[in-house]
Amino acid sequence: MAYEAVHEASPEPLQGRTVLVTGAGAGAAVAWALSRAGASVVLAAGDAEPLEEQAARIGAAGGHAIAVRTDLTDQVAVRRLVEQTLGAFGRLDAACNDTACSGTCDDAACDASCDAACHDAACHDAACHDAACHDAACTDVAANDERARGLALAMRYEIASMRTGGSIVNLAPGPAGIALTRATARQLAGSGIRVNAVTAGGPDEIAGAVVWLCSDAATHITGETLTPPSLRPANRPRKRPAGR
């Protein structure tokens with residue numbers, strides 16, 4: 001696969017980098033693959049126990065990982081998570097998000113985070129949760145799409161902490177989340193931060209796609225939605241979003 005070929009060029013393509021993995025749904029395979037690629041990994045979800053076990057296994061194998069219990073629907077908690085990541089490893093280079101607001105999500109907080117993710121009035125496409133936006137994807141987000149709102153909240157603080165560029169990968173985000181991923185990629189054109197989505201595949205295939213998207217081998221990929229193993233983006237380079 002195109003995204004597996006990165007390992008042929010370097011056995012540790014993410015050496016020296018820190019990757020934040022939010023949501024238990026991201027799975028052990030993603031964290032393990034990121035660690036094997038040389039990254040320091042921060043695992044975050046509401047239930048910390050399985051994450052702590054995974055972090056311990058990574059540590060026993062010589063990697064670096066910590067687990068942080070985090071309410072991924074709460075702005076303060078997500079902000080603190082990113083602060084803890086910076087405190088532990090000094091940097092944030094990439095993030096893999098598999099998160100959604102729960103039924104306890106505060107609508108006003110989610111609305112605010114969605115607005116922040118698209119830089120408020122500057123945005124007039126799917127990422128915008130602004131009254132000026134009336135396209136179908138924006139309507140989906142406005143209509144309480146919890147997964148898209150959760151992604152917006154996570155990306156808000158991740159993006160703010162990626163000082164020298166980086167990569168964000170959103171897992172199985174749903175139609176509104178995919179629209180948000182693409183629109184955020186357009187908003188960040190020229191910033192050095194890439195935003196992509198992975199929608200399906202087996203655990204190992206998803207993990208391979210995440211590693212590839214976080215590596216320098218995928219610097220030309222942003223605003224894409226990958227479905228491993230059938231899609232090979234390196235064989236089908238896409239034009240950068242307008243403004244690149």
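Start at 1 with the first residue, then count along the sequence.
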So, do Q75 and R156 sit near enough that their side-chain heavy atoms are less than 4.5 Å apart? yes

Could you grab the distance from atom CE of M162 to atom OG of S191, nearest 0.5 Å is fine? 10.0 Å

What residues, two or more places apart in sequence or in another chain, satisfy side-chain hydrogen bond (donor to acceptor under 3.5 Å, both in side chains) together with R91? D93

My understanding is that only residues two or more places apart in sequence, or in another chain, count here; which of them pass side-chain hydrogen bond (donor to acceptor under 3.5 Å, both in side chains) with T85? none

Let me see the working for R194 and I168 under side chain to side chain contact (heavy atoms under 4.5 Å, CB included), right down to the final yes or no. CA-CA 6 Å; R194 298 174 290 110; I168 294 176; over 6 Å; no

I'd like to know if L180 and Y157 are part of one continuous hydrophobic network [Ile/Leu/Val/Met/Phe/Trp/Tyr, side-chain heavy atoms within less than 4.5 Å]. yes

Side chain to side chain contact (heavy atoms under 4.5 Å, CB included) between C96 and L171, intermediate numbers included: CA-CA 7 Å; C96 177; L171 300 185; 3.6 Å; yes

Any side chain to side chain donor-acceptor pair (under 3.5 Å) pairs touching residues 39-55, not counting sequence neighbours? Q54-R57

Would you say the side chain of L20 lies within less than 4.5 Å of the side chain of L81, judging by non-hydrogen atoms? yes

Smallest heavy-atom separation, I206 atom then G201 atom, equals CD1-O, 3.2 Å

Taking all heavy atoms of A154 and all of V78, pick out the closest pair and write down the distance. CA-CG1, 4.2 Å

Worked check of side chain to side chain contact (heavy atoms under 4.5 Å, CB included) between V41 and R17: CA-CA 9 Å; V41 182; R17 302 183 191 183; over 6 Å; no

Indicate the atoms forming the closest heavy-atom contact of P173 with V198, along with that distance. CD-O, 4.1 Å

Distance from S167 atom OG to E158 atom CD, nearest 0.5 Å? 10.5 Å

Which residues satisfy the side chain to side chain contact (heavy atoms under 4.5 Å, CB included) test with A77, sequence neighbours excluded? T70, D71, D74

Quick one: salt bridge (charged side-chain N to carboxylate O under 4.0 Å, His left out) partners of R79, sequence neighbours excluded? E83

Nearest 0.5 Å, what's the OG1-CG distance between T199 and N170? 12.0 Å

What do the steps show when you test Q84 against V42 for side chain to side chain contact (heavy atoms under 4.5 Å, CB included), and what is the final call? CA-CA 9 Å; Q84 286 177 275; V42 177; over 6 Å; no

Same hydrophobic cluster for L188 and I178, using side-chain heavy-atom links shorter than 4.5 Å among ILVMFWY? no

Under 4.5 Å between side-chain heavy atoms, hopping through other hydrophobics if needed: is there a path connecting L34 to W32? no

Would you name the heavy atoms of R36 and E12 that are closest together and state the gap between them? O-CG, 3.9 Å

Roughly how far, to the nearest 0.5 Å, is CG of N196 from OG1 of T181? 8.0 Å

For S161, what residues pass the side-chain hydrogen bond (donor to acceptor under 3.5 Å, both in side chains) criterion, not counting sequence neighbours? none

Can you get from I193 to F89 by hopping between Ile, Leu, Val, Met, Phe, Trp and Tyr side chains that sit under 4.5 Å apart? yes

So T184 and I159, do their side chains get closer than 4.5 Å, heavy atoms only? yes

Over all atoms of both residues, closest heavy-atom pair of A207 and A29: CB-O, 3.4 Å

Do L51 and I58 land in one hydrophobic cluster if side-chain heavy atoms of ILVMFWY residues count as linked below 4.5 Å? no

With a 4.5 Å limit on heavy-atom distance, are the side chains of V68 and L43 in contact? no

Which distance, rounded to the nearest 0.5 Å, do you find between the CH2 of W212 and the CD1 of I221? 4.0 Å

Using a 3.5 Å distance criterion without hydrogens, assess whether the side chain of E205 forms a donor-acceptor pair with backbone atoms of G202. yes

Is there a side-chain contact between S215 and L14 (heavy atoms, below 4.5 Å)? yes

